[in-house]
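To start, the structure itself, in C-alpha cells.
Fair warning: this is a prediction, and the values are worked out from it, not measured in the lab.
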Amino acid sequence: MADEAIDDVDRAILHALQEDARSMSSGDIAERTGTSDSTVRKRIQRLESDGMIKGYSADIDYQRSGYPLRMLLFCTAAIPERGDLIPDILDIDGVVSVQELVTGEQNLLVTVVGESDSDITPVAQELLDMGVTVADEVLVRSHETEPFGEFVPE
C-alpha cells in the first residue's frame with residue numbers, strides 16, 4: 001500500500017476509527033461509506049497489515065486518573081543516536097510519548113505525566129544519564145486531539 005494512494009473509502013475508515021475505534025463497528029463504517037460490512041473488514045485488515053493502522057489505544061485523561069502533571073521536555077540528543085534512543089526513553093516510568101524533531105537544536109520532544117514534580121525530576125535525570133540534555137520544560141494545562149481532517153471523505 002505504500003506505493004498506492006488511499007481512496008475515499010480508506011479515508012472514511014481511518015476517520016471513523018480515529019473518532020471512536022472502540023465502538024465504531026464495521027457495519028457503522030459500511031453505512032458511512034456506502035460499502036458492505038465485509039469490504040470494510042477487509043480494508044481494515046489491509047490497512048493494519050500494511051502498517052497504515054499501527055494499533056488501537058485508549059485516550060486517557062491523565063489528570064482525572066490521578067496524574068495531574070503533563071510536562072513536555074524539549075531535549076537535545078546526538079543526531080545519529082536520537083532515533084535509536086526512543087525505545088529506551090519510552091521505557092522510563094512516566095514517559096507517555098517521544099517525538100523525533102528534525103529541525104532546531106532540540107530534536108526530541110518527550111511527554112511525561114506524574115502526580116508531582118518528584119515524578120518528573122527522575123525522568124530528566126534518566127535522560128541525562130542516557131546522554132540526552134533537557135533544554136526546556138513546559139507544563140501543559142490541557143491537551144485535546146481531533147481526527148485528521150484530510151480523512152473526511154468529500
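Note: the hydrophobic cluster containing Val134 also contains Met71 (ILVMFWY, side chain heavy atoms under 4.5 Å, direct or indirect links). If you chain together hydrophobic residues whose side chains sit under 4.5 Å apart, Phe74 and Leu127 never meet in one group. Linking Ile, Leu, Val, Met, Phe, Trp and Tyr residues whenever their side-chain heavy atoms come within less than 4.5 Å places Met52 and Ile44 in a single cluster. Both Ile6 and Met24 are members of a single hydrophobic cluster when ILVMFWY side chains are connected at heavy-atom separations under 4.5 Å. No continuous path of ILVMFWY side-chain contacts below 4.5 Å connects Leu139 to Tyr62, so the two sit in separate hydrophobic clusters.
The environment of Asp59 atom CG is sparse: at most 12 non-hydrogen atoms of other residues, nucleotides or ligands sit within 6.0 angstrom. Within a 6.0 Å sphere centred on CD1 of Ile79, other residues, nucleotides and ligands contribute 12 heavy atoms or fewer. Counting heavy-atom neighbours within 6.0 Å of Asp93 CG, excluding the residue itself, gives a total of 12 or less. Within a 6.0 Å sphere centred on CD of Glu19, heavy atoms belonging to other residues, nucleotides or ligands number more than 12.
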Next on the checklist: As a quick check of understanding, evaluate side chain to side chain contact (heavy atoms under 4.5 Å, CB included) for Tyr67 and Ile60, giving each step before the final call.
Outcome noted: CA-CA 10 Å; Tyr67 300 93; Ile60 306 296; over 6 Å; no
Item to check | Stepwise side chain to side chain contact (heavy atoms under 4.5 Å, CB included) test for Asp7 and Arg43 | outcome: CA-CA 11 Å; Asp7 64 14; Arg43 293 230 186 179; 2.7 Å; yes
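Rounded to the nearest 0.5 Å, atoms CG (Asp84) and CD (Glu100) are 9.0 Å apart. To the nearest 0.5 Å, the span separating NE2 on His143 from CD on Gln63 amounts to 13.5 Å. With values rounded to the nearest 0.5 angstrom, Leu85 atom CG is found 11.0 Å from Leu90 atom CG. Separation of atoms CD1 (Ile89) and CD (Glu126) is listed at 10.5 Å; rounding is to 0.5 Å. Remark: Lys42 NZ to Asp37 CG distance equals 11.0 Å, nearest 0.5 Å. Distance check, rounded to the nearest 0.5 Å: CD of Gln45 to CD of Glu48 gives 7.0 Å.
Leu14 is not listed as a side-chain neighbour of Phe148, based on a closest heavy-atom distance of 4.5 Å or more. The side-chain heavy atoms of Met130 and Ile92, taken from C-beta on, include a pair separated by under 4.5 Å. Between Leu69 and Asp119, the closest side-chain pair of non-hydrogen atoms is not below 4.5 Å. Between Val98 and Arg82, the closest side-chain pair of non-hydrogen atoms is not below 4.5 Å.
Between Ser36 and Thr39, the shortest heavy-atom contact is OG-OG1, 2.8 Å.
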Let me have the donor-acceptor pairs involving side chains of residues 105-118, under 3.5 Å, with sequence neighbours excluded, atom names and distances please.
residue : atom : partner : partner atom : Å
Asn107  : OD1  : Ala77   : N            : 2.9
Asn107  : ND2  : Ala77   : O            : 2.8
Thr111  : OG1  : Ser97   : OG           : 3.1
Ser116  : OG   : Ser118  : N            : 3.4
Ser116  : OG   : Ser118  : OG           : 2.7

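Every residue two or more places apart in sequence or in another chain was checked for a side chain to side chain donor-acceptor pair (under 3.5 Å) with Thr121, and none qualifies.
In this structure, the side chain of Asp28 engages the main chain of Ser25 through a donor-acceptor pair within 3.5 Å.
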